[in-house]
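Each chain gets a letter, A, B and so on, in the order its sequence line appears, and its residues count up from 1. Fair warning: this is a prediction, and the values are worked out from it, not measured in the lab. The figures here come from the full heavy-atom set of this structure, side chains too, leaving out hydrogens, waters and symmetry mates.
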Amino acid sequence: MPELPEAETIARGLREPLTGASVDRVAVIHADVLDLEAEDFAGRLRGSRFEAIGRRGKNLVLRLADSRRLVVNLGMSGRLLMRGPGAGGPPPTHPAVYFHLQGGLGSLVYHDVRRFGRLSLHSAKEYAAWSATLGPEPLGPEFTAVALERGLRSSATPLRSWLLDQRRVAGVGNIYANEAAFLARIDPRARTNSLDADAARRLHRAIRRVLSEAIDARGTTLRDYRTAQGWEGEYGAKLQVYGRAGEPCPRCAEPIVREVLSNRSVFFCPRCQPAP
DNA sequence: CGGTAGACTTGGGCGG
DNA sequence: TAGCCCCAAGTCTACC
């Protein structure tokens, strides 16, 4: 998604307009974002009330009144947009699913240019099982420096890859993995079992800081991400290394380097983030 | 099991 | 300009 700060921003923006609203009708435009047949999906949601709006890692979790959960993974380009009752303004360009609400409350639109996103409907039990496959919430109490140090020691994968593994910690993606490694002054290519306790403490602080500050800025819009109200996030202007290859490091002015690691870009300052 | 490369999909930009 | 171009917030699979 849209990573954790973007998902959190969307959840906050959906809470007020969606909590307590009920689904009148579901219109499926692109069934390939569903884990069920379109008819089945629409039928199971008709009449359901949204009771609580939350997030797990990068996923939006919309709890229904009967304790089922609609889990939305936004992939690379998914949006969850509230449309007012009048639905003024231009219509969405790439709608995949419309949730029309009862009582003239407008609609919730799942919008996705690339359709890498997925919408799944879980029973309470299925949701618990799915959630258990994800690592701890990085802004929650379970994610301690000691737990992080233990996790890092148990693997020989490069730090950037470790951070992208949702079973390790839930919600960090490529933007914030690169930013956190920079703030912690660790080479993102370093094997995690080569990092010492002090590096783990720095990384713990850096992850929490970058995610918190990105939430405060309502996330990072590179191109596709929007809040539930359709606004862009403001954190892009605060990125230190991500997408800044060739620009001077904000700490030491050495040019930022871009490399490819596991088929994805990795950005770092070769002077501030020395190989251990 | 752990780690990596490619596939999936569409659109924007001409580089990193 | 246009291209068996390049790149992109993610995740799943195959394969070593």
*By a strict heavy-atom criterion of less than 4.0 Å, which residues belonging to residues 150-168 of chain A are in contact with DNA chain B?*
A:S155, A:A156, A:T157, A:P158

_Only Watson-Crick and G-U wobble pairs with both distances less than 3.5 Å should count. Give DNA chain C in dot-bracket notation, marking inter-strand partners with |._
..|.||||.|||||||

*Please check the phosphate of B:dT9 (OP1 and OP2 only) for any side-chain N or O of A:H30 closer than 4.0 Å.*
no

*Using atom CG of A:L80 as one end and atom P of C:dA9 as the other, report the distance to the nearest whole Å.*
20 Å

*Which value, rounded to the nearest 0.5 Å, describes the distance between A:N193 atom CG and A:S155 atom OG?*
7.0 Å

*Specify the separation, in whole Å, of atom CG of A:N263 and atom P of C:dA9.*
12 Å

*Got a sec? Which of residues 113-132 of chain A come in under 4.0 Å of DNA chain B, heavy atoms?*
A:V113, A:R114, A:R115, A:F116

*Would you call the rings of A:W130 and A:Y127 parallel, tilted or perpendicular, where under 30° means parallel and over 60° means perpendicular?*
tilted

*What about A:D224, does its side chain sit under 3.5 Å from the base of C:dA9 through a donor-acceptor pair?*
yes

*A:R160 and A:T192: side-chain donor and acceptor closer than 3.5 Å?*
no

_Can you measure A:D32 atom CG to B:dC8 atom P for me and round it to whole angstrom units?_
13 Å

*Return yes if a side-chain donor-acceptor contact under 3.5 Å exists between A:Y176 and A:T220, otherwise no.*
yes

*Let me know the distance between OH of A:Y242 and P of C:dC7, rounded to the nearest Å.*
12 Å

*Could you state the atom-to-atom distance from CD1 of A:I10 to C1' of C:dA9 in whole Å?*
11 Å

*Rounded distance [0.5 Å steps], CZ in A:R83 versus CG in A:L105*: 15.0 Å

*asked:* Quick check for you: among B:dG3, B:dG11, C:dG10, whose closest atom lies nearest to any side-chain atom of A:R223?
replied: B:dG11

_Shortest non-hydrogen separation from A:I207 to A:A180 and the atoms involved_ = CG1-CB, 3.9 Å

*asked:* Rounded to whole Å, please give me the gap between CE in A:M76 and C1' in B:dG11.
replied: 12 Å

*asked:* With a cut-off of less than 4.0 Å, is there a side-chain N or O of A:Y225 near OP1 or OP2 of C:dA8?
replied: no

*Ignoring backbone atoms, test whether A:S77 places a side-chain nitrogen or oxygen under 4.0 Å from the OP1 or OP2 oxygen of B:dT10.*
no

*Which heavy-atom pair separates A:S262 from A:S161 by the least distance, and what is that distance?*
OG-OG, 3.8 Å

*Is the closest side-chain donor-acceptor distance between A:S123 and A:R68 under 3.5 Å?*
no

*Rounding to the closest angstrom, what is the interatomic distance between B:dG3 and C:dA9 at atom C1'?*
23 Å

*Closest heavy-atom contact between A:P5 and A:I215?*
CA-CG1, 3.7 Å

_Nearest-nucleotide comparison on DNA chain B, the residue closer to the 5′ end among A:R258 and A:L261_ = A:L261

*Which whole number of Å gives the distance between the C1' atom of C:dC12 and that of B:dG11?*
23 Å

*With distance as the sole criterion, is a donor-acceptor pair present between the side chains of A:R167 and A:T133 under 3.5 Å?*
no

*Phosphate contact (C:dT11 OP1 or OP2) by A:N73 side-chain N/O below 4.0 Å*: yes

*Spacing of A:Y176 atom OH relative to C:dA9 atom P, expressed in whole Å*: 12 Å

*Measure from CG on A:L222 to P on C:dG10 and round the result to the nearest Å.*
10 Å

*What nucleic acid atoms does A:Y235 come within less than 4.0 Å of, heavy atoms only: base, sugar-phosphate, or nothing?*
nothing

*Identify the heavy atoms of A:R191 and A:S194 that sit nearest to each other, and give their distance.*
O-OG, 2.6 Å

*Nearest of B:dT4, B:dG6, C:dT11 to any side-chain atom of A:R264?*
C:dT11

*Are OP1 or OP2 of C:dA9 and a side-chain N or O of A:N174 less than 4.0 angstrom apart?*
yes

*Stepwise side-chain contact (heavy atoms from CB on, under 4.5 Å) check, A:T19 with A:F50*: CA-CA 5 Å; A:T19 305; A:F50 293 110; over 6 Å; no

*What distance do A:R55 atom CZ and A:L60 atom CG have between them, rounded to the nearest 0.5 Å?*
9.0 Å

*Whole-angstrom distance between C:dC6 and B:dG6, as gauged at atom P*: 13 Å

